[in-house]
Amino acid sequence: MSQYEIRPLQHNDLRQMHRSFLEAFSEYPVPMQLSYSLFKKRMLGKLNIRFDLSFGAFSGEKLVGFIFHSLNEYKGITSIYNGGTGVIPGHRGNRLTRQLYQAFQEKASTQAKRCVLEVITVNEVAINVYEEIGFRKMGFYNCYKLNKVIEPSNLSHELLSIVGGSLSRKDLYQQLDSVETSFSDTFDQLAYNAASETFVECRSGGRVVGYIIFQAQSGRITRMAVDASLRRKGIGTRLVYEAYIQSGKKNLTAINIPEAAKDIAGFLLNVGFENQVDQWEMELTL
């Protein structure tokens, strides 16, 4: 018999979830030290956690392993998204992630067709575990961080106006998009975090020619696009500059940019971003 109790997580586990999250990610390559208030906002807002599909491993009363999940449409398929997997030091090597996913799969197959997640490419231990569970590598993402001061472009600004936007205009924004985002930045998922997102439009002659959506508190760029016929004219730089001046933290980030999106990568590098880490998108058929 396992020494661990595996069960679905509950809302009243949030404090424990936060403590275990910090402990599990204390040595992670990317800093993950969130305050409880930001962790709670991330779980209930950005992730919109489904507690019934999220499982914890308990040793006595202590949460020592977890998987956090959300549910939404993704690329036309009802999908479950893993927004966090972790096991705290001292309990690793006990196949807890496998046990958690075994319990999860028994329930999840009636809810969705697949489960997706992202994992940093250098985390070979996690990748091996996911592959043993049945996940397959399906996509490759680059993640960028700004490493310079952004200045406004030389574009003649009298031709442009910068105005606020809103999620209600998503159909218009999607007409400008050229690549699909990862699960957490789809408009369907973004709806759960809209109150914490800033929407900005760039207009020319009253027509929307670009937009950017970002989290001003953290500096994370969620979505961005420019009219394909007007690229390389400074509109993207102007939008990034707007995110820069409105963000509390000036180290802007743009994560999960598809490797195939060479134009976007080139733009980000040109305005001062650096490729910080890379991630695999992995998929488990349920």
Side-chain angles (χ1 to χ4, degrees), residues 30-31 46 118 140-170 172-187 189-190 193-279:
V30 179
K46 184 68 174 175
E118 295 112 28
F140 192 85
Y141 292 131
N142 304 128
C143 303
Y144 296 86
K145 182 177 181 180
L146 182 68
N147 282 305
K148 63 173 285 187
V149 175
I150 291 288
E151 299 290 350
S153 73
N154 294 323
L155 188 68
S156 181
H157 286 191
E158 66 269 15
L159 300 178
L160 296 175
S161 58
I162 298 296
V163 300
S166 72
L167 183 62
S168 66
R169 293 167 65 78
K170 67 178 183 179
L172 175 61
Y173 302 155
Q174 285 178 310
Q175 294 176 24
L176 303 176
D177 294 335
S178 58
V179 299
E180 289 187 296
T181 68
S182 59
F183 180 100
S184 61
D185 293 331
T186 63
F187 278 112
Q189 193 66 21
L190 177 59
N193 199 52
S196 297
E197 305 275 351
T198 300
F199 297 74
V200 172
E201 298 176 4
C202 185
R203 298 181 186 176
S204 177
R207 181 170 70 93
V208 176
V209 295
Y211 78 92
I212 190 168
I213 303 170
F214 58 95
Q215 298 166 34
Q217 185 173 13
S218 67
R220 183 184 183 286
I221 297 173
T222 304
R223 297 182 68 103
M224 177 182 172
V226 172
D227 188 312
S229 66
L230 296 171
R231 291 172 187 165
R232 298 182 179 85
K233 297 182 181 296
I235 295 171
T237 304
R238 183 67 183 87
L239 287 166
V240 170
Y241 178 70
E242 192 66 25
Y244 179 81
I245 61 176
Q246 289 196 37
S247 292
K249 294 183 178 180
K250 302 306 181 186
N251 53 337
L252 301 180
T253 57
I255 72 169
N256 293 346
I257 306 301
E259 184 184 33
K262 302 299 185 183
D263 286 351
I264 297 175
F267 164 75
L268 290 171
L269 293 171
N270 187 56
V271 296
F273 285 79
E274 292 183 359
N275 185 190
Q276 184 182 30
V277 295
D278 299 316
Q279 297 202 109

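- The CG atom of Leu230 sits 5.0 Å away from atom CD1 of Ile235, with the distance rounded to the nearest 0.5 Å.
- For residues 248-273, the set of pairs meeting the ring-ring contact (aromatic ring centres under 6.0 Å, His included) definition, not counting sequence neighbours, is empty.
- For the pair Asn256/Cys143, a side-chain contact is recorded, criterion being any heavy-atom separation below 4.5 Å from C-beta on.
- Scanning for ring-ring contact (aromatic ring centres under 6.0 Å, His included) contacts around Tyr173 gives Tyr211, with sequence neighbours left out.
- Side-chain atoms of Lys170 and Leu190, non-hydrogen and from C-beta on, never get closer than 4.5 Å to each other.
- Within the 4.5 Å cutoff, side-chain heavy atoms of Arg223 are placed close to those of Asp177.
- In this structure Gln246 satisfies the side chain to side chain donor-acceptor pair (under 3.5 Å) test together with Glu242, sequence neighbours excluded.
- Heavy atoms only, all atoms of each residue included: Leu252 and Ala243 are closest at CD2-O, 4.1 Å.
- Rounding to the nearest 0.5 Å gives a distance of 9.5 Å between OG1 of Thr181 and CD1 of Ile213.
- Atom CZ in Phe199 sits 4.5 Å away from atom CG in Leu167 (nearest 0.5 Å).
- Considering OG of Ser247 and CZ of Phe214, their distance stands at 5.0 Å, rounded to 0.5 Å.
- The side chain to side chain donor-acceptor pair (under 3.5 Å) test applied to Asn142 returns Asp278, not counting sequence neighbours.
- Residues satisfying the ring-ring contact (aromatic ring centres under 6.0 Å, His included) criterion with Phe183, sequence neighbours excluded, are Tyr74, Tyr81.
- Between Thr222 and Lys46 the shortest side-chain heavy-atom distance falls below 4.5 Å.
- A search for side chain to side chain contact (heavy atoms under 4.5 Å, CB included) contacts involving Ala260 returns nothing, not counting sequence neighbours.
- At a threshold of 4.5 Å between non-hydrogen side-chain atoms, the residues Asn251 and Lys145 count as touching.
- Contact annotation: the side chain of Tyr241 never approaches that of Ile162 to less than 4.5 Å [non-hydrogen atoms, C-beta and beyond].
- Within the structure, the salt bridge (Lys or Arg N to Asp or Glu O under 4.0 Å) test picks out the following pairs touching residues 206-220 (sequence neighbours left out): Asp185-Arg220, Arg207-Asp227.
- With sequence neighbours left out, the side chain to side chain donor-acceptor pair (under 3.5 Å) criterion links Ser196 to no other residue.
- Remark: Glu201 pairs with Arg169, Arg203 by the salt bridge (Lys or Arg N to Asp or Glu O under 4.0 Å) rule, at least two apart or across chains.
- Among all heavy-atom pairs drawn from Gly210 and Leu239, the shortest one is C-CD1, 3.8 Å.
- Atoms CD1 and CD1, on Ile221 and Ile212 in that order, are 4.0 Å from each other to the nearest 0.5 Å.
- Residue Asn275 holds its CG atom at 7.0 Å from CG of Leu269, rounded to the nearest 0.5 Å.
- For the salt bridge (Lys or Arg N to Asp or Glu O under 4.0 Å) test, no residue two or more places apart in sequence or in another chain qualifies with Arg231.
- Pairs of residues two or more places apart, or lying in two chains, that qualify as salt bridge (Lys or Arg N to Asp or Glu O under 4.0 Å) and include a residue from residues 253-277 are Arg232-Asp263.
- Residues forming a side chain to side chain donor-acceptor pair (under 3.5 Å) with Tyr144 (at least two apart in sequence, or on another chain): none.
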Open item on the list: Show, in sequence, the C-alpha distance, side-chain angles and deciding distance for Gln215 and Asn193, and conclude whether the side-chain contact (heavy atoms from CB on, under 4.5 Å) test is met.
Closed with: CA-CA 9 Å; Gln215 298 166 34; Asn193 199 52; 4.0 Å; yes
